[in-house]
Amino acid sequence: MIPPALSALFFLNLRGELLIHKLFRDDVGRNMADLFRTKIIGNKASSPSPVQNLGSTSFMYMRSADVYVVAVTKENSNALLAFKFMNDLVKLFKSYFNTFDEDSLRNNFVLIYELLDEIMDFGFPQIMTSDLLKTYITQEGVRSARGKEEKEAKGRETTMQVTGAVAWRREGIKYKKNEVYLDIVENVNLLMSSNGTVLRSDVSGQISMKCILSGMPELKLGLNDKLGMESDGRAAPAAPRGKAIELDDVTFHQCVNLSRFSTDKTVSFVPPDGEFELMRYRVTDGLTLPFRVLPIIKECGRTRIQVNVKLKSMYSDKLSALVVIARVPVPKHTARATIQVSGGKAKYNAAQNCLVWKVKMFRGQMELALSADVELVSTLKDKEQWNRPPINLEFSLPMFTASGLRVRFLKVWETKLGYATKKFVRYVTRAGGEADSASYEIRT
């Protein structure tokens with residue numbers, strides 16, 4: 001079922017004066033702009049909600065600089081899609097005349113009407129990619145006056161791009177060296193009890209690529225995920241690294257051929273030029289945790305605490321984690337801490353109320369220990385029991401994935417040019433730091 005379309009689009013300044021309008025359907029008229037000005041802009045006591053219903057008419061609007069962009073409909077249209085369209089519309093206009101304000105709209109009204117004719121048909125959004133639109137709508141709104149042969153060739157190219165729906169990549173790209181870089185980055189989320197029992201764990205991952213490829217190549221990516229292995233007729237034990245991974249909540253870049261993925265479970269795509277995020281995923285089962293933390297914290301009366309923490313790496317001894325930081329919490333009324341570590345450096349951080357233990361390089365299958373005597377200030381106010389916040393671990397581990405996800409193959413085809421491609425694959429697992437959504441915590 002096709003969702004209801006928009007009926008009209010209005011652009012008004014802050015005084016409510018109509019700058020530009022476009023009617024896509026005949027169920028509303030230009031007078032709706034006057035209704036919006038008097039009932040919404042002029043009503044200071046009205047609700048600031050971006051969606052307003054006046055009778056049988058719905059107004060969805062947003063403000064950018066000194067311009068109101070208003071979408072009008074008389075049907076039950078999808079509000080999220082309408083706001084997505086208006087945001088993309090502002091970005092499109094900025095790509096043509098750099099700014100989006102009242103003056104730029106007045107100075108470029110001819111170009112704007114030409115763009116509105118292309119990007120929406122009978123209230124349904126069409127082409128919204130500036131790179132594609134600029135191939136046949138010049139910045140001045142006038143088609144380039146060149147030779148007849150060049151015009152015909154450009155027209156054929158535009159037709160091919162529109163019908164082929166490859167709006168994210170232009171033709172004619174050439175490089176001396178053709179290279180593909182693929183990064184699999186995973187953020188580990190963990191909550192572990194003090195005795196080592198995993199209470200909650202999952203991995204949020206993303207696959208990012210940088211493509212320096214000539215022509216219009218087609219890429220095919222094979223992973224050791226369960227769906228892809230089964231489509232190739234392989235059993236899980238035959239997979240690289242010994243297991244097939246079950247991916248959840250997978251989202252793809254628009255370049256991925258979803259119909260092919262639904263049939264043979266392969267990730268096939270014509271990549272954009274340069275850097276882009278190919279896909280995101282989540283894994284909840286069969287995780288390999290890179291670190292195991294065993295804390296023992298004893299409260300010796302009201303003025304002293306003994307802290308002992310063992311930190312062991314569970315990955316191969318051929319790998320090394322970079323900048324491992326463990327933050328061991330202590331009470332707020334700590335006076336001083338005497339710390340000993342078997343590796344790295346540690347100090348008491350009064351601002352964060354914790355012992356900060358930092359190891360620049362942590363080799364696999366290695367165990368380090370921290371022991372500390374923490375002296376507390378005895379005050380009458382501090383009678384509340386210490387709640388013992390969890391230990392927080394921050395790290396970055398190259399060439400390792402907690403989910404076990406691996407690239408089985410990465411194939412590149414370019415039938416016209418037929419060049420050789422250099423491929424580079426990297427893996428990184430991390431927690432904390434830049435991975436704001438990832439936390440590696442151990443209860444004490």
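Just the heavy atoms: all of them, side chains too, but no hydrogens, waters or symmetry mates, feed the values below.
Side-chain contact check for M314 versus T288: every heavy-atom pair is 4.5 Å or farther apart. Side-chain contact between V324 and L311 is present, with at least one heavy-atom pair separated by less than 4.5 Å. Using a 4.5 Å heavy-atom cutoff, the side chains of W413 and P217 are not in contact. No side-chain heavy atom of F100 sits less than 4.5 Å from a side-chain heavy atom of K91. Taking 4.5 Å as the limit, every side-chain heavy atom of D202 sits out of range of all side-chain heavy atoms of V283. Taking the side chain as every heavy atom from C-beta outward, L219 and C211 approach each other to under 4.5 Å. Considering only heavy atoms from C-beta on, L92 comes within 4.5 Å of S95 through its side chain. Residues N13 and D66 form no side-chain contact, since every pair of their non-hydrogen atoms from C-beta on lies 4.5 Å or further apart.
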* Please step through side-chain contact (heavy atoms from CB on, under 4.5 Å) for the pair L89 and L9, ending with a clear verdict. => CA-CA 11 Å; L89 184 63; L9 199 63; 3.6 Å; yes
* **Full working for ring pair (Phe, Tyr, Trp, His ring centres under 6.0 Å) between F400 and Y427** => CA-CA 6 Å; F400 176 88; Y427 304 92; 9.7 Å; no
* **From CA spacing to verdict: salt bridge (Lys or Arg N to Asp or Glu O under 4.0 Å), E367, R292** => CA-CA 9 Å; E367 181 175 308; R292 183 180 178 88; over 6 Å; no
* To do: Might you work through the salt bridge (Lys or Arg N to Asp or Glu O under 4.0 Å) test for E441 and R327, ending with a clear yes or no?
  => CA-CA 10 Å; E441 296 182 340; R327 292 182 173 84; over 6 Å; no
* **Working for side-chain contact (heavy atoms from CB on, under 4.5 Å), residues L54 and F59** => CA-CA 8 Å; L54 300 177; F59 294 87; 3.6 Å; yes
* Apply side-chain contact (heavy atoms from CB on, under 4.5 Å) to the pair M216 and R169, showing each step before the final yes or no. => CA-CA 8 Å; M216 294 290 286; R169 186 180 182 91; 3.8 Å; yes
* To do: Determine, step by step, whether Y440 and N187 satisfy the side chain to side chain donor-acceptor pair (under 3.5 Å) criterion, reporting the C-alpha distance in whole Å, the side-chain angles of both residues, the deciding distance to 0.1 Å, and the verdict.
  => CA-CA 9 Å; Y440 204 98; N187 297 325; over 6 Å; no
* Where do F10 and F36 land on the ring pair (Phe, Tyr, Trp, His ring centres under 6.0 Å) test, with the steps shown first? -> CA-CA 10 Å; F10 297 117; F36 179 82; 8.3 Å; no
* Could you go through the side-chain contact (heavy atoms from CB on, under 4.5 Å) check for I40 and Y61 one step at a time? => CA-CA 10 Å; I40 298 178; Y61 65 96; 3.8 Å; yes
* Determine, step by step, whether K220 and T266 satisfy the side chain to side chain donor-acceptor pair (under 3.5 Å) criterion, reporting the C-alpha distance in whole Å, the side-chain angles of both residues, the deciding distance to 0.1 Å, and the verdict. => CA-CA 7 Å; K220 185 176 181 180; T266 59; 4.6 Å; no
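No more than 12 heavy atoms of other residues, nucleotides or ligands lie within 6.0 Å of CE in M361, so this atom counts as exposed by the packing criterion. In this structure, N387 places its CG atom where only 12 or fewer heavy-atom neighbours from other residues, nucleotides or ligands lie under 6.0 Å away. At most 12 non-hydrogen atoms from other residues, nucleotides or ligands lie less than 6.0 angstrom from CZ of R443.
The structure places CG of L287 at 7.0 Å from OG1 of T284, a figure rounded to the nearest 0.5 Å. To the nearest 0.5 Å, atoms CE (M60) and CG (L80) are separated by 10.5 Å. One finds the CG atom of L6 at 10.0 Å from the CD atom of E75 (value rounded to the nearest 0.5 Å). Note: R408 CZ to N224 CG = 7.5 Å, rounded to the nearest 0.5 Å. Distance CG/L190 to CG/L393: 9.0 Å, rounded to 0.5 Å. Within the model, atoms CD1 of I173 and OG of S214 stand 8.5 Å from one another, a figure rounded to the nearest 0.5 Å.
Remark: K310 engages no residue in a salt bridge (Lys or Arg N to Asp or Glu O under 4.0 Å) (not counting sequence neighbours). Residues forming a salt bridge (Lys or Arg N to Asp or Glu O under 4.0 Å) with D249 (at least two apart in sequence, or on another chain): R282.
Two rings, from F424 and Y181, have their centers less than 6.0 Å apart. Residues F362 and F291 bring their aromatic ring centres within 6.0 Å. The aromatic ring centres of F11 and Y68 sit 6.0 Å or more apart.
With hydrogens and angles ignored, the 3.5 Å screen pairs no side-chain donor or acceptor of D121 with any backbone N or O of F124. The closest donor-acceptor contact from the side chain of E186 to the backbone of S403 lies under 3.5 Å. Counting only distance, with no hydrogens or angles, the side chain of K423 and the backbone of L410 share a donor-acceptor pair below 3.5 Å. Formation of a donor-acceptor pair under 3.5 Å by the Q365 side chain with backbone atoms of Y315 is found in this model. Within the 3.5 Å criterion, the main-chain N or O of S371 finds no donor-acceptor partner in the side chain of N308. Although no hydrogens or angles enter the test, the distance criterion places no donor-acceptor pair under 3.5 Å between the side chain of R336 and the main chain of E375. Between the side chain of T73 and the backbone N or O of S77 there is no donor-acceptor pair closer than 3.5 Å. One N or O on the side chain of S313 and one on the backbone of M366 form a donor-acceptor pair closer than 3.5 Å. Judged by distance alone, the side chain of S208 and the main-chain N or O of D183 form no donor-acceptor pair under 3.5 Å. Remark: side-chain polar atoms of N76 are not paired, donor with acceptor, to backbone N or O of N78 under 3.5 angstrom.
Here the shortest heavy-atom pairing between A372 and I339 reads CB-CG1, 4.1 Å. Shortest non-hydrogen contact noted between F395 and P290 is CZ-CG, 3.5 Å. Contact detail for S396 and V428: the closest heavy-atom pair is OG-CG1, 3.8 Å. Nearest heavy-atom pair, G344 versus V359, reported as atom, atom and distance to 0.1 Å: CA-CG2, 4.1 Å. In this structure, P389 and W386 approach most closely via the heavy-atom pair CD-NE1, 3.7 Å. Nearest heavy-atom pair, T429 versus T401, reported as atom, atom and distance to 0.1 Å: OG1-CA, 3.2 Å.
Using a 4.0 Å cut-off between a side-chain N of Lys or Arg and a carboxylate O of Asp or Glu, R304 and D373 qualify as a salt bridge. Under a 4.0 Å N-O distance rule, the pair R15/E102 qualifies as a salt bridge. At a threshold of 4.0 Å, the pair E179-K422 does not count as salt-bridged, since none of the basic side-chain nitrogens sits closer than that to a carboxylate oxygen.
With F409 as the aromatic partner, K411 meets the cation-pi criteria of under 6.0 angstrom to the ring centre and within 45 degrees of the ring axis.
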Tabulate below the donor-acceptor pairs under 3.5 Å that side-chain atoms of residues 251-260 make, not counting sequence neighbours, or state none.
{"residue": "H253", "atom": "ND1", "partner": "C255", "partner atom": "N", "Å": "3.0"}
{"residue": "N257", "atom": "OD1", "partner": "S259", "partner atom": "N", "Å": "3.3"}
{"residue": "N257", "atom": "OD1", "partner": "S259", "partner atom": "OG", "Å": "2.6"}
{"residue": "N257", "atom": "OD1", "partner": "R260", "partner atom": "N", "Å": "3.1"}
{"residue": "R260", "atom": "NH1", "partner": "E218", "partner atom": "OE2", "Å": "2.6"}

